[in-house]
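In what follows, chains carry the letters A, B, and so on, assigned in the order in which the sequence lines appear, proteins first and then strands, with residues in each chain numbered from 1.
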Number of protein chains: 2
Amino acid sequence: MPGHPSHLRADARDNRQRILDAAREAFATRGLGVPMAAVARRAGVGMATLYRRFPSRESLITEVFADELTVCASMVDEALADPDPWHGFRAAIEKVCAMQVTDRGFTEAFLTAFPEAVDYERARTRVEEGFGEVVRRAKAAGRLRADFAMADLMLLLKANCAIATGPEEEAAAASRRLVAYLLQSFRAEHAEPLPPAPPLTLDKLISPPAR
Amino acid sequence: MPGHPSHLRADARDNRQRILDAAREAFATRGLGVPMAAVARRAGVGMATLYRRFPSRESLITEVFADELTVCASMVDEALADPDPWHGFRAAIEKVCAMQVTDRGFTEAFLTAFPEAVDYERARTRVEEGFGEVVRRAKAAGRLRADFAMADLMLLLKANCAIATGPEEEAAAASRRLVAYLLQSFRAEHAEPLPPAPPLTLDKLISPPAR
DNA sequence: GACTAAATGGATACCGCTGTCCACTTACGT
DNA sequence: ACGTAAGTGGACAGCGGTATCCATTTAGTC
């Protein structure tokens, strides 16, 4: 694993970080699929540097995504710390969806699994398990409908991802409204019967290699 | 406008139709963005033929999409003929969403406006107005919440579009569940306050030129 | 059946993006 | 200070896709 920051010369380590920052920004504004050259230029490094550090586009995406997943994990922690389980559930969902709107790269990455990543894998399961606990508590409190499935979270994220395209102002409004609609349906009070949940999990659901 | 079928030699007219059929099929299975050469091969014609008939990829998409919009319009007509306004509303939405799942090209096309098309424009407004009437009647019957906006339909379609990717079986299940959730929220009975609707219409909402 | 304009297909020029190679530069131990 | 290995940037070959050109074939008319 040559990507690891340890054992790197000081300047190389510096450049590595610059690349990650540039990539995050580029992915956020222009989506994954942005030319590698654009990332390199933005970072102020040459192609070779970029490719030595991140041999494939996927490895770069993976690394950037791992960082963002960490942010995500902290949101889940906040939700767990909330004394009101439903409020925690609701706030976590609203925050992640808002994040998808502002950061297009994050959005796409969420939909494009990269099974290789290791750190990423750990953060992911941490998020999954943490959120599972949030769900359990909200159900126990009688606020979240009992037939809510984790796959429904995926459903919401995927849906919101589509909403998150286009001019940011509109996208934000649209996302808020979609989330409000769905949160209302998630409430236990007026639950109506549903078709079965699809067999989707955070990794399984995804469209294969994007392109 | 060289695209028009009239005044074409018989064989040319025939080939034009073969291209449209091939394109519809190719778009449906492999998405818009399928290589033009693949469409040509599938239609059993050369590149030149394809490009003479449809000078740009967009013009081809537009034409195919116009046909599919017609199907869509007939669904709206069915909804209008339904004596139960809410049932009509519900059935129309379920049908269109199911169509998005089976036909990936249609889905993408729905998200990628092409303002130039003329026939397309007519079919579109026909669908919009027809569905507007469906909505009006469902509201009048007290079954659809009063603050439902046409933009909410766009919201649903865009969301469902993201759901419609991946293996068809899973996608279908996921779509059914999403639609069920949203339809529940659309019902007047238990309506809760919502954030304002985004200013989206069928053409306005769209992300600019796809790629 | 013969003539002509329309229609055709495949070869081809072209373009943008990826990923590699190599001659030069720089950090760091001594 | 200086040697060396690590690091660097830009040039470049390869690839997959688009759009065009032109020699050949074919439909429709007399």
Participant: Ring centres of B:Phe186 and A:Tyr181 under 6.0 Å apart?
Facilitator: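 Yes: the rings meet the under 6.0 Å criterion.
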Participant: Nearest 0.5 Å please: distance from the SG atom of A:Cys161 over to the CE atom of A:Met154.
Facilitator: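 Separation between the atoms: 12.5 Å.
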Participant: Whole angstrom is fine here: how far is it from CD1 in A:Ile19 over to C1' in D:dG7?
Facilitator: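 In whole Å, D:dG7 C1' and A:Ile19 CD1 are 11 Å from each other.
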Participant: Taking 4.0 angstrom as the limit, do B:Arg16 and B:Glu63 come out as a salt bridge?
Facilitator: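 Between B:Glu63 and B:Arg16 there is a salt bridge, with a charged N closer than 4.0 Å to a carboxylate O.
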Participant: Which is more 5' along DNA chain D, the nucleotide nearest B:Asp11 or the one nearest B:Pro35? Just name the residue.
Facilitator: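 Comparing both residues, the 5'-ward one is B:Pro35.
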Participant: Measure from CZ on B:Arg52 to P on D:dC22 and round the result to the nearest Å.
Facilitator: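 Atom-to-atom, B:Arg52 to D:dC22, this comes out as 13 Å.
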Participant: What is the separation between atom OH on A:Tyr51 and atom P on D:dC12, rounded to the nearest whole Å?
Facilitator: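 Those two atoms, OH and P, are 18 Å apart.
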Participant: For A:Asp14 and D:dT8, what is the distance between atoms CG and C1' respectively, to the nearest whole Å?
Facilitator: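 These atoms are roughly 14 Å apart.
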Participant: Within residues 41-50 of chain B, find the residues that approach DNA chain D with a heavy atom at under 4.0 Å, and present them sorted by residue number.
Facilitator: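 Result for residues 41-50 of chain B: B:Met47, B:Ala48, sorted by number.
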Participant: Within this structure, what is the CG-to-P distance between A:Leu60 and C:dC17, rounded to whole angstrom?
Facilitator: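 Value for this atom pair: 16 Å.
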Participant: Taking N and O atoms by type only, does the side chain of B:Arg9 place a donor or acceptor under 3.5 Å from a partner on the base of C:dA7?
Facilitator: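 Absent.
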Participant: Hydrogens and angles aside, do A:Asn15 and A:Thr49 bring a side-chain donor and acceptor to less than 3.5 Å of each other?
Facilitator: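 There is no such pair (donor and acceptor under 3.5 Å, judged by atom type) between the side chains of A:Asn15 and A:Thr49.
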Participant: Roughly how far, to the nearest 0.5 Å, is CG of A:Leu182 from CZ of A:Arg187?
Facilitator: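 Reported to 0.5 Å precision, the distance equals 14.0 Å.
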Participant: For a quick test of reading the model: is some side-chain N or O of B:Asn15 closer than 4.0 Å to OP1 or OP2 of C:dT8?
Facilitator: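 Answer yes for this pair, as a side-chain N or O of B:Asn15 is under 4.0 Å from OP1 or OP2.
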Participant: Is the distance from the ring center of B:Phe27 to that of B:Phe65 below 6.0 Å?
Facilitator: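 Between B:Phe27 and B:Phe65, the centre distance exceeds or equals 6.0 Å.
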Participant: Find the distance between CZ (B:Phe148) and NZ (B:Lys139) and round it off to the nearest 0.5 Å.
Facilitator: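 That separation rounds to 7.5 Å.
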Participant: When the distance from CZ of A:Phe54 to P of C:dT18 is rounded to whole Å, what number comes out?
Facilitator: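 Checked: the CZ to P distance equals 16 Å.
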Participant: So, does B:Arg53 get its side chain near the phosphate of C:dT8, meaning an N or O under 4.0 Å from OP1 or OP2?
Facilitator: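 For C:dT8, OP1/OP2 do have a side-chain N/O of B:Arg53 under 4.0 Å.
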Participant: Between B:Ala10 and B:Arg57, which has a closest nucleotide on DNA chain D that is more 5'?
Facilitator: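 The answer here is B:Arg57.
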